[in-house]
Amino acid sequence: ANDSRATLACSALRKSYRELLGVNNKSVVAVLLTGPTELIEQRLKQRQHAFMSNNLLQSQLAALELPEQGLVIDIAQTPEEVSLQIIHALGLGSRR
């Protein structure tokens, strides 16, 4: 409402969840981080904290309804590269 920016990180696996969040209403953009299951499993095992049990990955992937619009980013890159790709694609450089 006040032209400020925010980031919401969540799974929003289903289209109905994204609709509740207002995704694709021109001011809310979905960013899907994607990669091979093996890479996701590897990264889950490397986490120092656990918000989700590693054994839930398959059910989460099965529940995923791919967004029809938005930005798709490959997680095979470094976190810095992923961040920069998102910033560039969404035009989120510095505001002056």
Side-chain angles (χ1 to χ4, degrees):
N2 63 3
D3 195 35
S4 62
R5 295 179 176 162
T7 301
L8 171 65
C10 64
S11 61
L13 297 172
R14 300 212 182 267
K15 180 179 179 181
S16 61
Y17 303 162
R18 294 187 294 274
E19 287 173 348
L20 286 172
L21 296 170
V23 171
N24 299 329
N25 71 2
K26 296 185 182 179
S27 63
V28 181
V29 178
V31 178
L32 173 65
L33 302 179
T34 187
T37 302
E38 298 79 22
L39 178 58
I40 297 170
E41 287 174 338
Q42 175 188 5
R43 294 204 178 156
L44 284 172
K45 290 175 185 173
Q46 293 173 345
R47 291 183 305 176
Q48 294 181 14
H49 49 74
F51 298 108
M52 179 186 88
S53 172
N54 297 351
N55 60 4
L56 294 177
L57 177 59
Q58 293 304 322
S59 66
Q60 295 288 289
L61 292 174
L64 175 62
E65 297 172 356
L66 294 173
E68 296 167 6
Q69 297 177 340
L71 183 59
V72 178
I73 303 291
D74 184 354
I75 64 164
Q77 307 168 80
T78 66
E80 293 79 12
E81 291 169 325
V82 168
S83 298
L84 287 173
Q85 190 174 355
I86 294 168
I87 289 167
H88 177 72
L90 298 179
L92 299 176
S94 64
R95 295 178 91 179
R96 296 178 188 209

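Computed over heavy atoms, backbone and side chain alike; hydrogens, waters and symmetry mates excluded.
In the hydrophobic cluster analysis, where Ile, Leu, Val, Met, Phe, Trp and Tyr join through side-chain heavy atoms closer than 4.5 angstrom, Ile73 is grouped together with Ile87. Leu33 and Leu66 fall into different hydrophobic clusters, defined by Ile, Leu, Val, Met, Phe, Trp and Tyr side-chain heavy atoms under 4.5 Å apart, directly or through other members. Under the 4.5 Å side-chain heavy-atom criterion for Ile, Leu, Val, Met, Phe, Trp and Tyr, Leu20 and Val23 are members of distinct hydrophobic clusters. Hydrophobic clustering (side-chain heavy atoms under 4.5 Å, transitive across Ile, Leu, Val, Met, Phe, Trp, Tyr) groups Leu92 together with Leu71. A continuous path of hydrophobic side-chain contacts links Leu61 to Val31 [ILVMFWY only; heavy atoms under 4.5 Å].
Taken to the nearest 0.5 Å, the OG atom of Ser11 stands 9.5 Å off from the CZ atom of Arg18. For the atom pair Asn55 CG and Gln60 CD, the distance stands at 10.5 Å (nearest 0.5 Å). Rounded to the nearest 0.5 angstrom, Thr7 OG1 and Ile86 CD1 are separated by 8.5 Å. Taken to the nearest 0.5 Å, the CD atom of Gln69 stands 13.5 Å off from the CG atom of Leu32.
When all heavy atoms of Cys10 and Leu21 are compared, the pair lying nearest together is SG-CD1, 3.8 Å.
Surrounding CD of Glu68 are at most 12 heavy atoms belonging to other residues, nucleotides or ligands under 6.0 Å away.
Looking only at side-chain heavy atoms (C-beta outward), Leu44 and Leu56 stay at 4.5 Å or farther from each other. Annotation: side chain of Gln42 is in contact with side chain of Leu39 (closest heavy-atom distance under 4.5 Å). Residues Thr37 and Gln58 meet the side-chain proximity criterion, which asks for heavy atoms closer than 4.5 Å.
Residues that satisfy the side chain to side chain contact (heavy atoms under 4.5 Å, CB included) test with Val29, not counting sequence neighbours, are Leu90. Applying the side chain to side chain contact (heavy atoms under 4.5 Å, CB included) rule to Leu84 yields no partners; only residues at least two apart in sequence or on another chain are considered. A search for side chain to side chain contact (heavy atoms under 4.5 Å, CB included) contacts involving Ala63 returns Leu13, Arg14, not counting sequence neighbours.
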